[in-house]
There are 2 protein chains.
Amino acid sequence: MIAKPADTKTRILDAAEKLFGKSGFDATSLRDITAEADVNLAAVNYHFQSKESLIDSVIARRIEPVNLKRLAMLESAGPNPNLEQILIAFMAPVLNQQDLSGAIELMARIFATPDMFVTRLFKTHFTAIVERFSEAIGKTLPELSRTEILWRLHFTGGAMAHVLARSHLLPQMMPGFPELPDRQTVLARLVTYAAAGFRATEGF
Amino acid sequence: MIAKPADTKTRILDAAEKLFGKSGFDATSLRDITAEADVNLAAVNYHFQSKESLIDSVIARRIEPVNLKRLAMLESAGPNPNLEQILIAFMAPVLNQQDLSGAIELMARIFATPDMFVTRLFKTHFTAIVERFSEAIGKTLPELSRTEILWRLHFTGGAMAHVLARSHLLPQMMPGFPELPDRQTVLARLVTYAAAGFRATEGF
DNA sequence: GTCTATAGGTTGATAGAC
DNA sequence: GTCTATCAACCTATAGAC
């Protein structure tokens, strides 16, 4: 492995990702980022024009590969994937991604931030995913209405986002809670829970 | 109904709640708050000492009544509540609260903000609730391990938080998604989903 | 309790030299 | 492309008059 001397633009993206994930978009200043990246302050505006545009770039760089992976996993499960395969394709690329420079914490922020400009990105990047996955689920659960499927996907996304953002404090919140298991175990628990939720009889 | 002339302290709390919910804690300045509340800037520091202490007060004012309501609903379901009753007691007080000055949006922020000082409040206000509800669930689902119950409560809290934070954009995210139903309908959907998730056989 | 005034520091963004 | 220097605006917090 050759240590790549990352160029300025990449260094800024890496530093911004790390700090946005740790402290949020508002609380992270451009000066924090340039200090972390060890580049000049003016370089941010030269390469990204504005802070908001930098946020756009940081988010898109991580989300797009994840979404491609989701679609690829769904494809590779064949023309008639079962519910568990679908849910794993939906969640594994998010939960299992490499946390090189804080990608997981960043993703937790994106899911959890209701601010308008993040919401806009949410729409941009997730609409096609929701469309594709809700269609696949509809094929395995034809008795569910499309509306119900979308709601349950909404619930499932919420559970997944919460796992990203807060799982690390389960042990300290609950006395006697065991060590955090590895990601595969968490994913398995989540898939079991969500699959049962999807299979519930509609209307209660 | 007599229109109460709220005192300065209450006006600040109301304005802060509204703006924290709308824009987040970092993006809301004390000047934003005092302008909204139509009080003097210095009044904030007089009544609350610091911004962080104001945030504490704003959050505690809304969370504590909700948690009392949760415990009361669980009590009133009798000594052996079924799973649905437990889940309704857990979620209804959060989802159905009056959104007078932005309480629901504030609650969404609290659940969704992974910052340390919010996490600390999370522990302060929710540990007892989790303890009580996980115990009640354990009585109805004795075959589940305590660890599994805590994980599934974690997932359920995530789904609920996501409903608070993002449900309003389901219609615009999905072409053909119908109008948002009333809160009771959303709650019923969520309870159906979560109850099935809890009843899943452990270990898959 | 409420106000004005201000201290002391940070912010995003840019102009202009190299 | 990268730097220094700087602007104008904003921030939290406090001192001190009333």
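Just the heavy atoms: all of them, side chains too, but no hydrogens, waters or symmetry mates, feed the values below. Every chain is numbered from 1, with letters handed out A, B, ... down the list of sequences.
Considering only side-chain N and O atoms, A:S29 lies under 4.0 angstrom from the phosphate OP1 or OP2 of C:dT11. Put simply, A:N40 has no side-chain N or O that comes within less than 4.0 Å of OP1 or OP2 on D:dT2. Note on B:T8: a side-chain N or O is less than 4.0 Å away from OP1 or OP2 of C:dT2.
Rounded to an integer number of Å, the gap from B:H47 NE2 to C:dC3 P is 9 Å. Between the CG atom of B:D38 and the P atom of C:dC3 there is a distance of 9 Å, given to the nearest Å. If you measure from atom CG of A:L30 to atom P of C:dT14, you get 11 Å, rounded to the nearest angstrom. Atom CD1 in A:I12 sits about 13 Å away from atom C1' in D:dC3, given to the nearest Å. Here the C1' atom of nucleotide C:dT10 and the NZ atom of B:K51 are 13 Å apart, to the nearest Å. Going from atom OH of B:Y46 over to atom C1' of D:dG16 covers 15 Å, rounded to whole Å.
Panel note: side chain B:T28, backbone B:F25; no donor-acceptor pair is recorded below 3.5 Å.
Between B:F155 and B:W151, the ring planes are tilted. Angles from 30° to 60° get that label.
Mapping A:N45 and A:D32 onto DNA chain C by nearest heavy atom places A:D32 closer to the 5' end of the strand. Place A:A42 and A:R31 on DNA chain D by their nearest nucleotides, and A:A42 ends up nearer the 5' end. Two residues, A:Q49 and B:L41, neighbour DNA chain C, and the one matched to the more 5' nucleotide by heavy-atom proximity is B:L41.
At a threshold of 4.0 Å, the pair B:E52-B:R120 counts as salt-bridged, since one of the basic side-chain nitrogens sits closer than that to a carboxylate oxygen.
The closest side-chain heavy-atom distance from B:V191 to B:L83 is not below 4.5 Å.
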